[in-house]
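Quick notes on the structure that follows.
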There are 2 protein chains.
Amino acid sequence: MLKYWNMLVDPSIVAHKPFTGDRMPTTAYASEALTQLKVSCASCGLSDLCLPRGVDKVTLEQLDDAVDRIDPLPRSTSIFRQGEPLFALYAVRAGSVRSTHVGADGNEQVLGFHYPGDLLGLDALDGNVHQVTIDTLERTHLCALPINTLDNVLESVPPLRRQLLRIMSRNHAQDHHHLELMGRKAATSRVAGWLLSVSKRLHAHGYESDQLSLSMSRSDLGNYLGLAIETVSRTLSRLQADGIIEVSGRSVTLLDKQRLTEAADGDCS
Amino acid sequence: MLKYWNMLVDPSIVAHKPFTGDRMPTTAYASEALTQLKVSCASCGLSDLCLPRGVDKVTLEQLDDAVDRIDPLPRSTSIFRQGEPLFALYAVRAGSVRSTHVGADGNEQVLGFHYPGDLLGLDALDGNVHQVTIDTLERTHLCALPINTLDNVLESVPPLRRQLLRIMSRNHAQDHHHLELMGRKAATSRVAGWLLSVSKRLHAHGYESDQLSLSMSRSDLGNYLGLAIETVSRTLSRLQADGIIEVSGRSVTLLDKQRLTEAADGDCS
DNA sequence: CGCCGCTTTGAGTCATCTCAACACTTGTGG
DNA sequence: CCACAAGTGTTGAGATGACTCAAAGCGGCG
């Protein structure tokens, strides 16, 4: 049985150990892309998701003060692991991550992929212990909101309360979409539906939505969709042979969204 | 394709139309089981889930004032439907309900079953429109918390904020368990795992955990687990033939939890 | 009592999984 | 810079398990 741990770096290496003083100050980023990395919450890509509409400047400044911008993490690095105590919530600013859960039977289930604007760590709000492991799929930039400041921020910025509830509600809906994919019987339907959802997600963030560069392995994808990796590979190949998509390694081009949608909806239960 | 609508009563019948004045006053319940139905939030079975530990009396009274105890609903009744605006959050006091989602392709997916202590309607906190339909599986008693009082309650009772976040976090974890079931390849593993989860749930609420009386149809169960109803039926029959469970219609007795656990964990991916 | 919906059981087909080999990519070290 | 190795992805062939179609119990309800 293939374990994802094998794909990770040494388990003892955890790039971010919150609150132990090993974090670089924000100004250390000045040597990189200043305009992007010193971005405030106001101009951050998160603002769509992280902040309520029409938020005032005082709110932004309070949030700015509470948020730490941490070192970019290399690929295959754990942000936190199942069973660890909750230190902070994290927001993805750039890159992508994968969340997995190890069940009582020892099997791993890939629960989701998260992109810029997504909030990580909400799983641990019940019990203050992480229920999932989150690893980076590529070089990833994060913001961290220390959990001990969360209450203060929520107390002093009421709109954020509703926003946090909204975000959790939306995450719930994403799980429902995932369940809908898993409930579909046919492999083609699952893969096609997932490709469309990734495309929609990119489109919602203003990116080119026909050109997908997947950051996860076929193994991750198969696990996520409840399919064997060979089935994922074969399904992508067939969609390509049918002229619906074009596959080249981890980059996929959607050639015919119409027929891709039909493939996704085709096999009803 | 079997549509669940067929199993429901006339779609125009919605038992609870909030805030239109057709709700019976609380005292109308006096003729039934007074001690149970006039129960305050303090002694309600929800207190474990609905309220934080060590909550004070003032909190309880505030919550009591905000909560409406509504008419018990008969079987196969919609509490709310996908697409409807959010009027209130509901807590299940007795009975059981099923939540379903109709995807863009028109297929229905059973997303979960909810029992006493569960909170309904959280799906609509993002956008104030329900993303799922919730129907009763049997005669069900609910409490309703009008959404326009939610903000006030959360404002005046800070511990409830954390509690609400906890509940949503826990719901998220339940979805993850569902996804884990769906990710398992073998039908036996899915069914056995689900039986155990129901048993655990009953046990957590202090009920007899070996004697399950399922309130949902095989069709619901099959949809929930991503299996054909015939497969569900056959799997239950085989588990019975193996002496692991005893099936009689919708009542299931767990005879050998040890082997049931092995059956659930057996088929690794 | 008889209808109707739900559940069970059977037989056959088909899709996916498993096992296995090969091709491609990436990163490392000579 | 090339060669090699390890990881990753693709493709093939066969077996297995779930789905589909079909029919017969079972149970509730009018």
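FYI, side chains are in, hydrogens and waters are out, and symmetry mates aren't considered; it's all heavy atoms of this structure. A, B, ... follow the sequence lines: proteins, then strands. Residue 1 opens every chain.
Taking only side-chain atoms of A:Ser233, from C-beta outward, the nucleotide of D:dA18, C:dT16, D:dT10 with the closest atom is D:dT10. Which of D:dA18, D:dC19, C:dC17 sits closest to the side chain of B:Lys185 comes down to C:dC17. Proximity note for B:Val247 (side chain, C-beta onward) versus C:dT8, C:dT16, D:dG9: the nearest is C:dT8. Checking D:dT8, C:dC17, D:dC19 against the side-chain heavy atoms of A:Thr231 singles out C:dC17 as nearest.
Between the B:Gln240 side chain and the B:Val247 main chain, a donor and an acceptor come within less than 3.5 Å of each other. Without hydrogens or angle criteria, A:Ser233 side chain to A:Glu230 main chain gives no donor-acceptor distance under 3.5 Å. A:Asp220 contributes no side-chain N or O that, together with a main-chain N or O of A:Val110, makes up a donor-acceptor pair within less than 3.5 Å.
Taking only distance into account, the side chain of B:Arg234 never meets the base of D:dG17 through a donor-acceptor pair shorter than 3.5 Å.
Spacing between atom CZ of A:Arg238 and atom C1' of D:dG12 amounts to 14 Å, rounded to whole angstrom units. For the pair B:Met216 CE and C:dC6 P, the computed distance is 15 Å after rounding to whole Å. Here C:dT7 presents its P atom at 15 Å from CD of B:Gln240, a figure rounded to the nearest Å. The distance between atom CD of B:Glu230 and atom P of D:dA24, rounded to the nearest whole Å, is 16 Å. Nucleotide D:dT8 holds its P atom 7 Å from the CZ atom of A:Arg75, rounded to whole Å. One atom, CG of B:Leu221, and another, C1' of C:dC6, lie 14 Å apart when rounded to the nearest Å. Taking atom CD1 on A:Ile229 and atom P on C:dA23, their separation rounds to 18 Å, with Å as the unit. At whole-Å resolution of the value, CG in B:Leu214 and C1' in C:dT7 are 13 Å apart.
For the pair A:Ser219 and D:dT8, the criterion of a side-chain N or O lying under 4.0 Å from OP1 or OP2 is not met. For the OP1/OP2 pair of D:dG9 and a distance below 4.0 Å, the side-chain nitrogens and oxygens of A:Arg250 include at least one atom meeting the criterion. OP1 or OP2 of D:dT10 has not a single side-chain nitrogen or oxygen of A:Ser237 nearer than 4.0 Å. At the phosphate of D:dT10, OP1 or OP2 sits under 4.0 Å from a side-chain N or O atom of A:Arg218.
Taking the six-membered ring where the residue is Trp, A:Phe80 and A:His130 present parallel rings, their angle staying beneath 30° rather than reaching 60°.
Side-chain polar atoms of B:His176 and A:Gln131 form no donor-acceptor pair below 3.5 angstrom.
Residue-level contact check: B:Leu227 touches the backbone only, with heavy atoms under 4.0 Å from sugar-phosphate atoms and none from bases.
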